[in-house]
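The figures that follow rest on heavy atoms only: side chains count, while hydrogens, waters and symmetry mates do not. What you are looking at is a predicted structure, and each value in this text was computed from that prediction instead of being measured.
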Amino acid sequence: MHLNNGTDPHAIGTKLPAPEARYDMVVVGAGPSGLAAAIAGAGEGKSVLLVDENPIPGAAMGNDVPLLFGGRMTAATQNAERMLETVFMSEPMLEAAMEAGVEVLLGTSAWGVYRNGPGITGLPENVVALADKDRGWIAGYGELVLATGARDLAIGFPGWNQPGVMGAAALERLLTRYEAFAGKRVLIVGSHDLALSTALLAREKGVDVAGVVEVRNAPQGDAALAEAVRAAQIPFYLDDAPAEAIGGIDGVERVRLRSGAEIAVDTIVLAIGLVPSIELVDAMGGKRVLDGARGGYIPGDNAGVTCVGDCAGLADTGFDHVEYRMEWARELGKLSAPDTIVCQCEEVTRADLLGVQPPRYLERPAPMAARSLDTLIKDGPPNPDQIKRLTRAGMGVCQGRRCRDQVAMMLATAANGPFGTVPLATHRAPVRPLPLRILADWEESEDMRAGWDVWFGIPTQWVPYRDIDTPREREHQQAIAEGWSL
C-alpha cells in the first residue's frame, strides 16, 4: 500500500523550485570548442548560456583547482578585475559570441548537473548548478554542451609536494591567458607533443627551459616538434627521470635526476599527459569509456549531453597515452620511498595507500594496522572508492585532482593489471569547491521547509519516528490497524 498517493508529506518530493532561468542550450567552457558550439546554437535561433570558470579565484588556484598550478602564480592573480580583462582580451571569440546573442558569464563554475533518474525524481526539468563568487543558482536546459577541456595529470615523486611542481596546462594558462607565471627557469618532464609544445611556448615567453626529461630512450612526440626543441638548444635527458625535487623556503630550487645529474630550476613542469575533464559527466551518473589513444576515460553516449574539444577525448594520433603514463608511474614509483606523499591534501604516503592505512594524523587501531592492499586484492580488484574511504586519499580540497589518477595507476600496478583494471574513484557534485556562504545563502522554499523538523529538528532528534505524532504517522498506524501490509 502507498499512503498519500505514494508520497511522504515530509519528503522533498515535488517541492523543488523551478530553475531561476531556462535556456535551449547551456555550454560549459569558453575555449574554442565551447565558443564555436555556443555561436552555432545562437545562429540556429536558440537561447544560449555560455559559462566559464575563468578567471579562477586565487584561493582555488592555490588549491590546484582545476589545474596543477603548483604555487607558481604571481600576485596579479589576486586582482579579479585585471584577471577578467586578461581572459577577455586573450579570447577574441568571446566578443563574437556576445554579438551573436549568447549570454556569457565568466568567473562562473558549473559544479553539478542533475537529471531525473534512479536517485532523484522530483526535478521540474534537467538543470545545471552554477556559482560565481557571490551566489549559487540553477538553470534549466534543453541541451547541454560540455567543453570543459582537459586537466593536468600529476604523478608524485620525492619532493613533488612543494611549491614549484606544476602541470603543463596550468603553465600554459599562466603564460597566455593570465600572463601571471612567477617562475624563471623550468624543467619539463615528459617528451610527447604536450611536453615539446610546452617547452617551446615557455621559451617563446622568455622563460629559461633547462631541459626535457624522458623516461624512454627517445623523444616521444612529433619529430618536427622534437627538432624545434633541439634547434632552440633545449637539451633532452633521455632514459632518465626526476629522482628528487630539492627545495627551500620558496619551494623547488633544483632537481636530482635518476642519472645523478642535478639541475638548478625553480619549477618542474609535469607534461606527461592531460586527462579529459569528465567530472560533470561522471557526477551526473553518465557513461564513460576507457580509450588509451584519447587520453584515458572519456565520455560515453549520454542522451542530451554533447561533449566537444578535449573533454570528449584528446586527438587520436595513434599514441597510447595510458601505457606511456603507466610507464612513468612505475618508474617514479621505483624512485619513491615509502614516505613519499601521494595525496598532498590529506598527507597520505605511498606506504599508507598500499597498506590501506589512514593518514598519520588519525589513530590506527590494531584491526586497521593488520589491513593491507594484499588482503583486499584477495577479494578481487581493489575498489578505489573503498580505498578512498579507508585512506582518505582524494578527500582533500583539490578534490582528487592531484592524486585520483595516480592512485588508480598504483592500484592497477599492485593488482598486476593494466590501467583500467581498477577504475577511477567516482566524482560527486560539487565538482568544484564551493564556499559555505554560497550554500548557506541558498534559500529553500516554504514548501521544502515544512515538516523538516521530523528529520532534523532539535526537539525530535532523539525521538523514534514511530513516536512522532504527525498526520503521516497517524495514517500509517491506522493502516496497520486495518490489516494492510506495508
Quiz item: Are more than 12 heavy atoms from other residues, nucleotides or ligands located less than 6.0 Å from atom CE of M98?
Solution: no
Quiz item: Any sub-3.5 Å donor-acceptor pair from S109's side-chain atoms to W111's backbone N or O?
Solution: no
Quiz prompt | Under 3.5 Å: donor-acceptor pair, side chain of D152, backbone of A168 | solution = yes
Self-check item: E279 bridged to R401 by N-O distance under 4.0 Å
Solution: yes
Self-check item: Check: P358 main-chain N/O paired with R392 side-chain donor or acceptor under 3.5 Å
Solution: no
Quiz item: Can you check whether A169's main-chain N or O pairs, donor with acceptor, with R151's side chain at less than 3.5 Å?
Solution: no
Exercise. Answer yes or no: is there a donor N or O on one side and an acceptor on the other, between the side chain of D282 and the main chain of T426, under 3.5 Å?
Key: no
Practice problem: Kindly check if the number of other-residue, nucleotide or ligand heavy atoms within 6.0 Å of CD (E85) is above 12? | Solution: no
Practice problem: Pick out which of V128, T108, L106 makes a side-chain contact (heavy atoms from CB on, under 4.5 Å) with V51. | Solution: T108
Quiz item: In terms of ring plane angle, is the pair Y324 and H192 parallel, tilted or perpendicular, where the classes change at 30° and 60°?
Solution: tilted
Quiz item: Quick check: does any side chain N or O of Q399 sit under 3.5 Å from a backbone N or O of P430, one acting as donor and the other as acceptor?
Solution: yes
Quiz prompt | Check: E91 side chain, V87 main-chain N or O, donor-acceptor pair, under 3.5 Å | solution = no
Practice problem: Could you tell me whether the side chain of E179 and the main chain of T86 form a donor-acceptor pair under 3.5 Å? | Solution: no
Quiz item: Is a donor on one side and an acceptor on the other found under 3.5 Å between the side chain of R294 and the backbone of L314?
Solution: yes
Quiz item: Considering residues, nucleotides and ligands other than R428, do more than 12 of their heavy atoms fall under 6.0 Å from its CZ?
Solution: no
Quiz item: Do T391 and D352 have side-chain atoms, one donor and one acceptor, less than 3.5 Å apart?
Solution: no
Quiz item: Within a reach of under 6.0 Å around CD of Q78, are more than 12 heavy atoms found that belong to other residues, nucleotides or ligands?
Solution: yes
Quiz item: Do other residues, nucleotides or ligands put more than 12 heavy atoms under 6.0 Å from the CD atom of E95?
Solution: no
